[in-house]
Chemist: 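After the structure tokens below, expect a handful of questions from me.
Below, read A as the first sequence line, B as the second, and so on, with proteins coming before strands; counting in each chain starts at 1. These figures come from a predicted structure and were not determined experimentally.
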Protein chains: 2
Amino acid sequence: MSGKKQNLPRYRQVYEILRKHIINGVYREGDMLPSENDLCQTNGITRPTVRLALDQLVKDGFIKKQQGKGSIVCAQPKGIGILSVAGTTTAIGKENLKTKILEGPVIRKWDDPFIFPLSDVEKESGCIYMERVRLVNNKPLFYDITFLPNINLPRFTSRTFENRSLFDILRRSYQIKVIGGEQRLKAIPAKGKICQHLDVKEGDPVLHLERKINTNRIDFNFYSTLFCNTTEHDLFGIF
Amino acid sequence: MSGKKQNLPRYRQVYEILRKHIINGVYREGDMLPSENDLCQTNGITRPTVRLALDQLVKDGFIKKQQGKGSIVCAQPKGIGILSVAGTTTAIGKENLKTKILEGPVIRKWDDPFIFPLSDVEKESGCIYMERVRLVNNKPLFYDITFLPNINLPRFTSRTFENRSLFDILRRSYQIKVIGGEQRLKAIPAKGKICQHLDVKEGDPVLHLERKINTNRIDFNFYSTLFCNTTEHDLFGIF
DNA sequence: TAACTTTACTTGTAAATACAAGTTATATTG
DNA sequence: CAATATAACTTGTATTTACAAGTAAAGTTA
């Protein structure tokens, strides 16, 4: 719980450690995590702090808690966990994932009408637009159109996004942290660019997600339209 | 905070009150909720307890909190909020909603292979099966196939579900409370019964959800396969 | 009057304590 | 040895206290 780089809140640090342990197989499905009191002792923190970490693990689906018994590790979800998380890199995992830039990032006007209501500031500043395809095992999974408000993102358009996570870049270069969002979703027949980029036939069913992604920067949200070919991969989420 | 029926934890009671206020328009989008300290005073509880209630409102998308500023009411989401909640009645709202029973509830064997892994106990006990159509404004929105483990649900098959919420019945008659779950989702072409029950053409894109719904009863989950016609209604969720 | 500083207020993090409710292990009794 | 009771352990709820960090209002100074 020390070191310059580790300036996360303590509960967050414990959460990250436990999460990594679960992801790395140290704790497997059905295993009990150490008790809250044990975690207090091993981490030198008090129980309310431990509970914050555990509650976040519950919220993210890694564990289930049962009064009197303990915290049980859940099965690792299958499928693409895009419904519960913001980023496609997180949802897919970095292995097997490729990103191809189709267009952008370029500064341009917002689509009109746009998929979500825009503030006057957003409207005035225009957006940074880019189109990407995300491929898993070299097959297109997502056709992803991203719209970022052109507000305080210096030199954004000169950055490279090939095989890189947009969220990582936002966090490291601009201190913008994604904190959640909302989405709408429907099934539509593929047509036009969607057929081309997802390698599906005209009329094939694809998923269409429209997302508004919230960040820690006040009044800075960004937007994403995703088309997803679910032939080989379900989308997954918890609620 | 008193009365026999109100045996919810205090943080839960405050959550319910505030949520109702937001839903009923007492607080509107952009309004600030009372500060944490104000809520402590008006409700006679301490701040950690208030914070639990507010954190749940954040989690459910009703408010956003900003350090130093307060808790701001979010816009009420549009669309069918099925992606973030367990029940279709909650997702749709009770107005304009009709439920038609197509089949069941009947006791029968689980589908094999089944959409989620089953425990030995579940396999052995078989399932209670029913098919429903949920209609909004008299148009079919969901074709809902539900599988409940045939475990400790006395007289379940003699109950009526026409225009009634399954979750309500489980809670009131069996003290089974839904506490969340997981879902998988894809876009598929409609065929067979789906065309018939959702009133769509062969090959039209529909959403296919497979859900495992967790309850407060230990080792008692139930399952649902939903087909959704998203022509007129998006599905909505927060993450 | 504008700019700066201070104060008051708000949410975020954390510790310490206490009691309740549920589960499991151990001890006791028949 | 089986059944029951008790103790130990685990998570759930709640209070109290303290400090940190951010926002907005009020006060002071130039």
Chemist: Between Tyr11(B) and dA14(D), is there a contact of a side-chain N or O with OP1 or OP2 at under 4.0 Å?
Modeler: no
Chemist: Compare every heavy atom of Leu226(A) with every heavy atom of Ser224(A), then report the nearest pair and how far apart it is.
Modeler: OG-CG, 3.8 Å
Chemist: Measure from CG on Leu52(B) to P on dT11(C) and round the result to the nearest Å.
Modeler: 15 Å
Chemist: Rounded to whole angstrom units, what separation is found between the CD1 atom of Ile45(B) and the P atom of dT16(D)?
Modeler: 11 Å
Chemist: Categorize Thr49(A) for me: base, sugar-phosphate, or nothing, with a 4.0 angstrom heavy-atom threshold over every strand shown.
Modeler: sugar-phosphate
Chemist: Figure out the CG/P separation between Leu8(B) and dG12(D), and round it to whole Å.
Modeler: 16 Å
Chemist: Where is the tightest heavy-atom contact between Thr49(A) and Tyr11(A), given as atom of each residue plus distance?
Modeler: O-CB, 3.5 Å
Chemist: I want to confirm an ordering. Mapping Lys69(A) and Asp38(B) to their closest nucleotides on DNA chain C, which one lands closer to the 5' end?
Modeler: Asp38(B)
Chemist: For Pro9(B), answer base if it contacts any base atom (sugar-phosphate contacts may also be present), sugar-phosphate if it contacts only those atoms, and nothing otherwise; contact means non-hydrogen atoms under 4.0 Å.
Modeler: sugar-phosphate
Chemist: Let's see if you can work this out: which of dA15(C), dG22(D), dG12(D) has an atom nearest to the side-chain heavy atoms of Lys65(A)?
Modeler: dG12(D)
Chemist: Closer than 4.0 Å, any side-chain N/O of Arg51(A) to the OP1 or OP2 of dA14(C)?
Modeler: no
Chemist: Does a sphere of radius 6.0 Å around CD in Glu124(A) hold more than 12 heavy atoms from other residues, nucleotides or ligands, not counting ones at 6.0 Å or beyond?
Modeler: no
Chemist: Using OP1 and OP2 only, check whether a side-chain N or O of Arg47(B) sits under 4.0 Å from dT11(C).
Modeler: no
Chemist: Using atom CG of Leu33(A) as one end and atom P of dC9(D) as the other, report the distance to the nearest whole Å.
Modeler: 19 Å
Chemist: Are OP1 or OP2 of dT10(D) and a side-chain N or O of Ser71(A) less than 4.0 angstrom apart?
Modeler: no
Chemist: Can you tell me how far P of dG22(C) sits from CD1 of Ile72(A), to the nearest Å?
Modeler: 16 Å
Chemist: Measure the shortest side-chain to side-chain distance between Tyr15(A) and Leu52(A) over non-hydrogen atoms and say whether it is less than 4.5 angstrom.
Modeler: no
Chemist: Between Pro48(B) and Asn37(B), who's closer to the 5' end of DNA chain C by nearest nucleotide?
Modeler: Asn37(B)
Chemist: Do Arg12(B) and dG12(D) share a donor-acceptor pair, side chain to base, under 3.5 Å?
Modeler: no
Chemist: Check the distance between dT13(D)'s C1' and Asp55(B)'s CG and give it to me in whole angstrom.
Modeler: 15 Å
Chemist: Mind calculating the distance between NZ (Lys64(B)) and P (dT11(C)) to the nearest angstrom?
Modeler: 15 Å
Chemist: May I ask you to decide whether Glu182(B) forms a salt bridge with Lys212(B), counting only side-chain N to carboxylate O separations under 4.0 Å?
Modeler: no
Chemist: Please report, rounded to the nearest Å, how far the P atom of dA16(C) is from the CD atom of Gln41(A).
Modeler: 13 Å
Chemist: Select base, sugar-phosphate, or nothing to describe what Ser35(B) touches, counting heavy atoms under 4.0 Å on all strands.
Modeler: sugar-phosphate
